[in-house]
Colleague: 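Structure provided below as structure tokens; questions to follow.
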Amino acid sequence: MQLETESRLPKEIDTAEVEAYCQRLWDELGIYLYDPNEAGEVFSIDTPPPYVSASHLHVGHAMSYAQAEFIVRYHRMNGRKIFYPMGFDDNGLPTERYVEKTFKINKSKTTRSEFRALCLQTTTEGAKEYEKLWRALGLSVDWNLRYSTIDDHCQRTSQKSFIELFKLGRIYRSHEPVLWDPILETSLAQADLETIERKSKLHDIVFKGVDGSPLTISTTRPELLPACVALYCNSKDARYTHLLGQTATVPLFGQTVPVLADDDVDPAFGTGLMMVCTFGDSEDVRRWKRDGLGLRVVVSNNGRLTDLAGEFAGMKTDEARGKIVTALTEAGALTGSKAVDQVVSVSDRSDAPVEFVMAPQWFIRVMDMKDELLERAKELRWFPEWMQIRLEDWIKGLKYDWNISRQRFYGVPVPVWFCAKCGEVVLADEAALPVDPVESKPPVSACAKCGSAEFVPDADVLDTWMTSSVSPLINSNWAGTPGRIGDASVYPMTVRVQAFEIIRTWLFYTVVKSHLHTKSLPWESVMISGWGLNENGKKISKRDLEQYTDANGYNRYDPYAVIQKFGADSLRYWASGGSLGHDLRYNEKDVQIGRKLVVKLWNAARFADLQMGAYDPVKDFVPFAARTPEDRWLLAELNKVLPAAKKAFEGYSYHEAREETDRFFWSVFCDDYLELIKDRFWTPDNYVEQTRASARTTLFESLRIVLGLYAPFLPFVTEYLYQQFYKGHEQAASLHKSAWPQANAEWDVTVPEMEVLSAILRAVRGLRTTAKVSQTRRLAKVTLDVTGAKPEIAATVERMQASISAAVRTTELVYGTAETATDLEGVRVDIVV
RNA sequence: GGGCGGUUAGCUCAGCCGGUUAGAGCACUUGCCUUACAAGCAAGGGGUCCGGGGUUCGAAUCCCUGACCGCCCA
């Protein structure tokens with residue numbers, strides 16, 4: 001028997017080289033490409049389209065994309081046909097600003113189609129950066145399935161959705177007070193709002209009754225006095241009921257307004273008397289509509305006051321507020337001001353407090369579908385389950401239909417013209433999509449209603465979510481764009497992966513769209529990830545990314561830099577440490593732990609290789625029943641890990657699967673098993689060849705399974721080792737296309753001998769430590785004392801004598817009197833160094 | 001004010017549909033250069049499972065209640 005001294009693996013792993021090797025291999029084999037003709041059930045992933053600029057990506061993004069990808073890899077190994085696209089969001093405001101800045105252009109001097117071309121160009125460049133990063137991270141995306149939310153296919157899908165919903169009567173046009181962003185000068189949907197808390201002042205302002213008596217109201221928005229159209233009190237509030245039917249005069253501005261009753265007015269708030277303006281908040285809108293109040297528009301689209309505000313006209317609302325308070329004080333109409341904590345709705349894009357403005361808009365009617373949508377929310381499988389309630393709460397709290405028009409320049413155009421004479425709507429021809437009505441003519445030459453030949457285009461664009469919400473339809477080519485990969489077989493998609501903060505937007509709107517267009521859910525399941533947090537427990541931000549670059553240009557939050565320093569597998573390993581849906585704190589130290597595992601795996605494989613030599617799994621195979629107790633025990637242990645890992649993955653609990661694998665690999669496989677078999681190779685004269693063959697067979701089998709178990713988490717190092725040691729013996733060209741390791745019924749055994757062996761080994765290891773002797777040094781003598789043990793234990797000890805002797809590494813093993821207790825009752829042990 | 005999540009070792013986190021003595025990694029202590037790996041191995045110390053009450057033979061786990069942190073919504 002000749003011992004191998006050279007491994008096929010270098011002594012130290014070079015992760016950069018391993019990664020480059022694997023990338024090359026995966027590209028050559030095309031293993032991540034979707035093949036519609038391949039056998040197997042489709043597994044399709046609807047993953048978030050990031051914005052064009054990759055510079056904002058941090059390790060938190062890497063975390064959530066990696067977590068989703070663990071699941072994808074697991075299913076790929078289970079024979080699922082993976083459809084894994086990556087989209088880019090180059091629609092909407094962030095892109096508009098980014099492109100304006102990048103090209104230093106002014107959108108007023110360009111057309112939408114020219115602007116769009118620039119965006120697509122920018123996206124193509126940005127996509128390269130993303131691709132570089134995501135590939136470096138090992139994401140198994142099929143880059144041929146790329147889409148950009150402003151490309152022709154996506155525009156077509158988005159506009160087709162509009163036309164279809166219009167024809168279904170789901171879309172209507174309405175001229176009503178809408179949520180308005182006075183900085184961006186566009187309307188908003190409810191989902192575009194954030195709420196913030198701020199310090200404000202509640203002012204007591206004196207109106208005059210018909211008899212000249214003072215009527216005091218409380219308001220935080222005195223600048224809306226010129227827009228005041230009524231006063232309200234509670235109909236049961238005896239202080240004011242006598243005023244009902246009378247009028248009051250507004251201070252400074254002088255208009256007279258009616259005094260009305262509404263039981264929703266809280267008599268305990270302020271003075272119990274309140275003013276209604278057009279429009280201060282949604283309650284004002286409600287009363288205005290219900291009671292047919294007058295309209296006094298005082299806040300214009302750009303947030304400045306109109307002429308109705310008299311001397312305050314042209315001022316911004318917050319400036320006017322101060323000036324009007326001063327004027328009220330001078331006029332003696334202000335009787336008090338107190339500080340209050342106020343909750344304000346602001347636009348999530350500009351942080352501007354929202355106003356209500358009268359503007360014609362397109363809406364998708366959703367308020368009548370709440371119950372159906374709640375049913376859909378329940379139908380969907382949520383991982384983790386408790387995230388479902390976030391969607392339910394959002395649906396229950398909906399106040400308005402979905403406003404889908406935006407008064408912005410850039411985006412998907414509304415595919416509509418209006419008759420210049422009668423206002424009749426002319427839809428674009430579906431076959432002609434995508435269209436920009438501003439740059440093209442309507443499909444009819446005369447208005448069907450009035451015969452006029454003059455049309456005006458709708459100059460608005462669609463809400464960016466109008467497009468994002470059809471991502472599953474984009475992927476499944478619902479719009480029938482020729483040449484696109486992906487069809488109805490990938491829809492409904494298997495899983496949507498996303499973070500929790502866009503449940504109310506991306507997730508909600510997508511459910512709405514699929515419910516309306518295909519009368520189904522857009523996906524079977526949804527997997528919601530948490531955030532990556534920085535060392536202080538705050539969400540990792542762009543600022544972290546900018547601030548913490550060291551003198552060498554290294555930034556610990558930059559995923560690409562981290563990958564280069566520690567390896568992609570190491571970063572992925574960190575990402576696998578958080579449980580689904582929960583935030584995970586990032587420490588570079590935790591990435592180093594991943595690195596340790598990668599190195600350990602490499603070394604264990606090297607060791608196995610040294611012992612296996614030219615092992616041939618066919619010729620040198622030893623049947624399970626003929627193997628040593630150590631070997632059978634190892635596989636029996638592995639047989640417990642396999643179903644546990646499978647079950648965990650099926651429930652999207654990648655973290656649990658990884659922990660099971662860690663426990664097995666590190667403490668069972670490395671610390672115990674590899675140590676136990678060394679003696680067979682080190683002192684070959686003490687063993688028959690069969691025991692070494694048994695160990696080789698077991699090593700070969702178990703290491704292969706370990707590679708499979710770790711493959712979703714550590715795709716690079718596992719693939720490399722697979723190629724080195726297993727490729728020659730298996731069909732699969734890549735570990736990642738090989739079958740997920742299955743439990744083996746034959747291995748389902750208990751090995752009582754091993755309980756005895758490990759108890760004695762543990763005790764001897766302890767004695768070595770106490771005696772300050774290395775674990776490998778051969779002891780002169782080990783004494784076993786089984787006088788107090790049960791007969792069957794004593795018999796097992798005797799039967800295992802040779803194994804024990806080898807495991808504890810002693811020259812002589814004798815029975816006698818010993819002092820040190822083991823975990824086995826009545827079995828004692830002592831050593832002589 | 002409402003909803004959801006969290007609070008477990010010095011740190012980062014598992015465990016939570018009740019059931020051995022509450023776990024892992026890092027950090028710490030002691031020992032060991034050992035023919036895969038010292039980025040390793042062996043042995044060890046460290047816990048009021050946020051507080052209070054309840055259900056139960058039995059609670060980190062279930063129920064009630066309070067505190068604090070985070071996110072979302074009024």
Side-chain angles (χ1 to χ4, degrees), chain A residues 3-5 7 9-13 190-191 193-197 281-283 341-345 384-399 499-504 528 530-531 533 535-539 566 570 573-574 576-612 648 653 655-656 658-660 662-663 666-667 669-672 674-675 677-679 681-683 699 703 761-778 809:
Chain A
L3 283 181
E4 295 284 333
T5 51
S7 167
L9 299 180
K11 207 162 162 49
E12 276 184 41
I13 182 171
Q190 189 178 344
L193 305 185
E194 301 278 346
T195 51
I196 59 157
E197 276 180 44
D281 58 23
S282 60
E283 285 300 289
D341 291 317
Q342 189 188 21
V343 176
V344 190
S345 291
E385 247 172 71
W386 47 265
M387 285 288 183
Q388 181 189 322
I389 201 136
R390 298 193 181 208
L391 179 60
E392 287 185 13
D393 285 350
W394 177 252
I395 294 171
K396 287 177 187 160
L398 279 176
K399 291 200 290 191
F500 57 81
E501 79 272 19
I502 47 177
I503 287 178
R504 67 179 195 188
I528 308 279
W531 283 337
L533 305 181
E535 292 85 341
N536 301 319
K538 300 284 178 197
K539 185 183 180 183
F566 298 103
S570 308
Y573 190 81
W574 163 70
S576 72
S579 56
L580 187 58
H582 288 109
D583 298 342
L584 181 64
R585 213 170 281 218
Y586 176 77
N587 287 293
E588 203 182 80
K589 240 187 159 66
D590 294 330
V591 181
Q592 292 180 35
I593 292 163
R595 171 89 190 172
K596 272 171 53 173
L597 175 69
V598 170
V599 169
K600 186 82 174 174
L601 196 52
W602 181 266
N603 286 322
R606 239 187 116 246
F607 171 82
D609 186 38
L610 289 171
Q611 315 313 331
M612 279 194 288
S653 290
H655 175 258
E656 218 180 307
R658 197 213 78 194
E659 284 209 327
E660 285 287 338
D662 280 350
R663 209 175 1 254
W666 208 289
S667 64
F669 185 79
C670 290
D671 292 348
D672 288 339
L674 295 186
E675 292 304 318
I677 62 170
K678 279 178 178 172
D679 197 59
F681 297 98
W682 288 358
T683 50
L699 267 179
L703 179 64
L761 178 56
R762 234 183 339 266
V764 172
R765 280 173 173 175
L767 287 168
R768 282 177 185 270
T769 298
T770 315
K772 305 187 179 179
V773 177
S774 101
Q775 295 295 331
T776 44
R777 179 160 145 200
R778 189 159 290 277
R809 288 170 190 150

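By convention in this document, chain letters (A, B, ...) are assigned in the order of the sequence lines, proteins followed by strands, and residues within each chain are numbered from 1.
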Colleague: Could you tell me whether R595(A) and D590(A) have a side-chain N and a carboxylate O separated by less than 4.0 Å?
Modeller: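 A salt bridge is absent here (no side-chain N lies under 4.0 Å from a carboxylate O).
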Colleague: Please round to the nearest 0.5 Å and tell me the distance separating atom CZ of R809(A) and atom CG of L761(A).
Modeller: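 The CG atom of L761(A) is 8.5 Å from CZ of R809(A), to the nearest 0.5 Å.
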Colleague: Indicate, with a heavy-atom threshold strictly under 4.0 Å, whether L193(A) touches base, sugar-phosphate, or nothing.
Modeller: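 Sugar-phosphate, backbone atoms only, no base.
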Colleague: Counting heavy atoms from C-beta on, name the nucleotide in rA36(B), rA74(B), rU34(B) closest to the side chain of L674(A).
Modeller: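 Looking only at side-chain atoms, L674(A) lies closest to rA36(B).
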Colleague: Which is true for K678(A) with a 4.0 Å heavy-atom rule: it touches a base, it touches only sugar-phosphate, or it touches nothing?
Modeller: base
Colleague: rG1(B) pairs with which nucleotide, Watson-Crick or G-U wobble, both distances below 3.5 Å?
Modeller: rC73(B)
Colleague: Taking any heavy-atom pair under 4.0 Å as a contact, classify Q592(A): base, sugar-phosphate, or nothing.
Modeller: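 Touches nothing.
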Colleague: From the set rC71(B), rC37(B), rC32(B), return the single nucleotide nearest to any side-chain atom of W531(A).
Modeller: rC71(B)
Colleague: Mind checking who rC68(B) pairs with, Watson-Crick or G-U wobble, both distances under 3.5 Å?
Modeller: rG6(B)
Colleague: Which base, if any, makes a Watson-Crick or G-U wobble pair with rU29(B), both distances under 3.5 Å?
Modeller: rA43(B)
Colleague: Nearest 0.5 Å please: distance from the CG atom of N587(A) over to the CD1 atom of I593(A).
Modeller: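 So the gap between those two atoms works out to 9.0 Å.
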Colleague: Using purine N1 to pyrimidine N3 plus N6-O4 or O6-N4 for Watson-Crick, or N1-O2 and O6-N3 for G-U wobble, each under 3.5 Å, what pairs with rC62(B)?
Modeller: rG54(B)
Colleague: Can you say whether the rings of Y586(A) and W574(A) are parallel (under 30°), tilted (30 to 60°) or perpendicular (over 60°)?
Modeller: perpendicular
Colleague: Could you pick out which residue, A604(A) or S345(A), lies toward the 5' side of RNA chain B when each is mapped onto its nearest nucleotide?
Modeller: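 Mapping each residue to its closest nucleotide by heavy atoms, the 5'-most match is A604(A).
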Colleague: Counting any heavy atom closer than 4.0 Å, what does R658(A) reach on the DNA or RNA strands: base, sugar-phosphate only, or nothing?
Modeller: nothing
Colleague: With both distances kept under 3.5 Å, what pairs with rC37(B), Watson-Crick or G-U wobble?
Modeller: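 Paired with no nucleotide.
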Colleague: So which one's nearest nucleotide on RNA chain B is more toward 5', H655(A) or W666(A)?
Modeller: H655(A)
Colleague: Nearest to the Q775(A) side chain among rU35(B), rA42(B), rC37(B), which nucleotide is it?
Modeller: rA42(B)
Colleague: Which part of the nucleic acid, if any, lies within contact of W574(A), taking any heavy atom under 4.0 Å across all strands shown: a base, the sugar-phosphate backbone alone, or nothing?
Modeller: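 Nothing: the residue W574(A), judged by heavy atoms under 4.0 Å, touches no strand.
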Colleague: Taking atom types as modelled and ignoring hydrogens, do the side chains of D671(A) and S667(A) form a donor-acceptor contact shorter than 3.5 angstrom?
Modeller: no
Colleague: D393(A) has a side chain; which of rG25(B), rG3(B), rU34(B) sits nearest to it?
Modeller: rG3(B)
Colleague: Among rG70(B), rC26(B), rU12(B), which nucleotide has an atom closest to any side-chain atom of K538(A)?
Modeller: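 The answer is rG70(B).
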Colleague: From the list rA39(B), rC72(B), rC37(B), which nucleotide is the closest neighbour of the side chain of E194(A)?
Modeller: rC72(B)
Colleague: State whether the distance check finds a donor on one side and an acceptor on the other, under 3.5 Å, for side chain K772(A) versus base rC32(B).
Modeller: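 No, the side chain and the base share no sub-3.5 Å donor-acceptor pair.
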Colleague: Between rC13(B), rC26(B), rA42(B), which nucleotide has the shortest distance from any of its atoms to the side chain of K596(A)?
Modeller: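 The answer is rC26(B).
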Colleague: Of the nucleotides rC71(B), rU35(B), rU12(B), which one has an atom closest to the side chain of N587(A)?
Modeller: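 Of all the options, the side chain of N587(A) is nearest to rU12(B).
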Colleague: Which nucleotide in the set rA36(B), rA74(B), rC4(B) lies at the smallest distance from any side-chain heavy atom of Q190(A)?
Modeller: rA74(B)
